[in-house]
Amino acid sequence: MHATQLTQAPVSVTREMAAALPKLAQIAKSKGLALHHLGAGYPHPEVTDPTAFLAHKDAYYAHLGQTTGTKAVLQPLYGYTDTQGALRTRELFANIYGADFKADLAPEHLIPTVGSTGGINLLCSLFERSGNKVAYITDAPTYAGFLARASLYQKARIYSVEMDNEGPDCEALAAQIRQARADGYDVAFYYTVPDGHNPGGISFSAQRRQEIIKVLANADVLLVEDAPYSYINFEAPEARPLPFISLAPEQTVHLFTASKIGLPGPRIGFIYTEATLTIAGGAKVPLTQLLMTEASADFLMHNPEALCGFESFLLDDQFKPRESLWPVAEEKIRVYRENREILLSTLAEKLGDTPELFGWTTPGAGFFSVFTLNHPSIRCDKAFTERLVAEYGVVTIPTFSFFPADARVRNPKAGLNQLRLSFCYSEGTGAARRAELGAASQAFARAIRTECGL
Ligand SMILES: Cc1ncc(COP(=O)(O)O)c(C=O)c1O
């Protein structure tokens with residue numbers, strides 16, 4: 001084959017771990033160790049049984065077909081449809097999601113996407129159109145899927161910003177935008193996961209959100225809010241910080257996905273924005289319009305049957321629009337809250353005596369807590385996490401790989417004292433799930449104490 005200018009993208013550490021797992025698990029098993037899952041970021045099997053969803057969807061199709069017959073209902077669901085999908089689905093979603101998060105959503109600004117991954121893809125693809133050098137501002141650490149997609153463009157560069165437990169350092173955020181522009185880059189947007197940050201294991205405080213908005217408004221930079229865990233929230237309803245789409249709709253691009261509140265398989269997502277962009281020639285254009293041409297040239301249309309299935313998810317047993325998805329979410333939150341409590345209380349009980357050595361985040365939402373290990377002779381690198389699997393049967397993900405390259409230049413040790421612990425996944429359900437999470441948390445704490453010589 002002829003030579004190209006293509007470059008090989010690195011394999012993510014999560015995929016590397018997934019690939020290494022069978023062999024490591026074998027080693028652990030040969031030592032009589034059980035495998036403890038604190039690595040995978042998958043929704044729990046207890047809340048992803050599709051049976052009830054499918055029965056409800058079928059009942060909805062039968063309900064729709066009462067007057068017209070099933071064929072008239074199903075045929076369009078397997079045919080070509082508009083890039084924006086059915087208006088009724090978007091109207092229902094805009095009303096319910098808008099009410100749940102105190103945002104006034106207009107259905108005409110909603111575009112279906114292939115999960116939130118598809119939303120990231122559309123945005124990156126749009127900003128690559130100019131052929132210019134493109135800068136993305138993001139957190140250190142940040143979501144690996146975003147880094148993977150943004151880095152596909154050879155003229156892209158990531159400018160990252162360190163975080164504390166409330167969110168990004170806003171002075172650094174402003175400075176990185178200035179630096180990117182001084183380096184000759186078009187700044188596309190600031191990408192973040194403000195609720196249940198993956199892999200940061202925090203939610204941004206309400207005050208930090210306001211500071212971020214101020215910085216971005218001053219610099220005229222869009223904020224992309226990736227919101228997979230918006231409904232997986234552990235705070236009391238009145239304590240949940242509002243999302244950016246509610247706080248600053250004209251500045252925000254919001255990525256919704258049904259992967260965690262619903263099921264990941266149907267790949268349902270929506271991108272929503274009311275922002276405008278000034279394009280070449282000086283015209284101000286709604287970003288939705290630009291994303292629409294991007295979407296129609298990319299996937300052309302979302303699967304209409306999957307979207308109609310999602311529509312049924314927005315309706316109650318009488319096929320009336322739900323007032324809120326929070327009661328649906330609560331069935332899932334219950335499981336994750338229990339898991340989270342088991343992990344955090346075990347960490348407190350078994351490792352809470354040495355705060356100078358050990359620390360961890362208390363996530364307000366999402367699937368992850370970040371564990372900090374400040375032992376002078378331990379590096380939380382790939383070899384260390386592989387050792388935790390082979391010696392103790394404990395699967396975790398090292399955090400260093402989620403730090404963009406510039407963050408590792410600023411601090412070569414970035415993330416090398418941290419592990420991402422996920423409390424979302426185990427194999428059993430109910431009492432078995434609780435027992436597995438307990439055993440995993442205990443095994444992790446034991447492993448860490450042993451490794452530290454305590
Ligand atoms: C921050 C973040 N964004 C996006 C995704 C992918 O979501 P989707 O299934 O909607 O593509 C995940 C999945 O874990 C995630 O944590």
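Here the structure is a predicted model, which is why all the values come from computation and not from measurement. Indexing begins at 1, ligand by ligand and atom by atom, following the structure's order. Sequence positions, counted from 1, serve as the residue numbers for this chain.
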Next on the checklist: One residue to check: V193. Relative to ligand 1, which of side chain, backbone, both or neither has a non-hydrogen atom less than 4.0 Å away?
Outcome noted: side chain
Checklist entry - Can you tell me if CG on N132 sees more than 12 non-hydrogen neighbours from other groups inside 6.0 Å? => result yes
Checklist outcome for this item: of all protein heavy atoms, closest to atom 11 (O) of ligand 1 is T117 OG1, 2.5 Å
Checklist entry - Should the proximity of Y229 to ligand 1, defined as any heavy atom under 4.0 Å, be assigned to the side chain, the backbone, both, or neither? => result side chain
Next on the checklist: Looking only at the side chains, is there a donor atom on one of Y190 and Q176 sitting less than 3.5 Å from an acceptor on the other?
Outcome noted: no
Item to check | D220 atom CG: more than 12 heavy-atom contacts under 6.0 Å | outcome: no
Item to check | Where ligand 1 meets P228 - atom numbers and elements under 4.0 angstrom, heavy-atom basis | outcome: 1 (C), 2 (C), 3 (N), 15 (C)
Checklist entry - For ligand 1, which atoms, with element, lie under 4.0 Å from some heavy atom of T257? => result 8 (P), 10 (O)
Checklist entry - Should we count CZ of F384 as having more than 12 external heavy atoms under 6.0 Å? => result yes
Item to check | Proximal atoms of ligand 1 relative to N198 (non-hydrogen, under 4.0 Å) | outcome: 15 (C), 16 (O)
Next on the checklist: Taking the six-membered ring of F234 as reference, does the cationic atom of R337 (NZ for Lys, CZ for Arg) lie under 6.0 Å from its centre and within 45° of its axis?
Outcome noted: no
Checklist outcome for this item: atom 12 (C) of ligand 1: closest protein heavy atom, distance to 0.1 Å, is Y143 OH, 3.4 Å
Checklist entry - Would you say the side chains of S426 and H44 form a donor-acceptor pair under 3.5 Å? => result yes
Checklist entry - Which atoms of ligand 1 are found less than 4.0 Å from any heavy atom of K260? => result 12 (C), 13 (C), 14 (O)
Item to check | Enumerated ligand 1 atoms positioned under 4.0 Å from heavy atoms of R267 | outcome: 8 (P), 9 (O), 11 (O)
Checklist entry - With atoms numbered from 1 as shown, which atoms in ligand 1 lie under 4.0 angstrom from a non-hydrogen atom of D226? => result 1 (C), 2 (C), 3 (N), 4 (C)
Next on the checklist: Looking at ligand 1, would P264 count as a contact under a 4.0 Å heavy-atom criterion?
Outcome noted: no
Checklist entry - Quick one: which ligand 1 atoms are inside 4.0 Å of a heavy atom on G115? => result 10 (O), 11 (O)
Checklist entry - Should we count CD of E323 as having more than 12 external heavy atoms under 6.0 Å? => result no
Checklist outcome for this item: S116 heavy atoms within 4.0 Å reach ligand 1 at atoms 3 (N), 4 (C), 8 (P), 10 (O), 11 (O)
Item to check | F101 and its ring pair (Phe, Tyr, Trp, His ring centres under 6.0 Å) partner, picked from W326, F244, Y272, F93 | outcome: W326
Next on the checklist: Donor-acceptor pair, distance only, cut-off 3.5 Å: does the side chain of D226 make one with the backbone of T192?
Outcome noted: no
Item to check | Identity and distance of the protein heavy atom lying nearest atom 9 (O) of ligand 1 | outcome: S259 OG, 2.7 Å
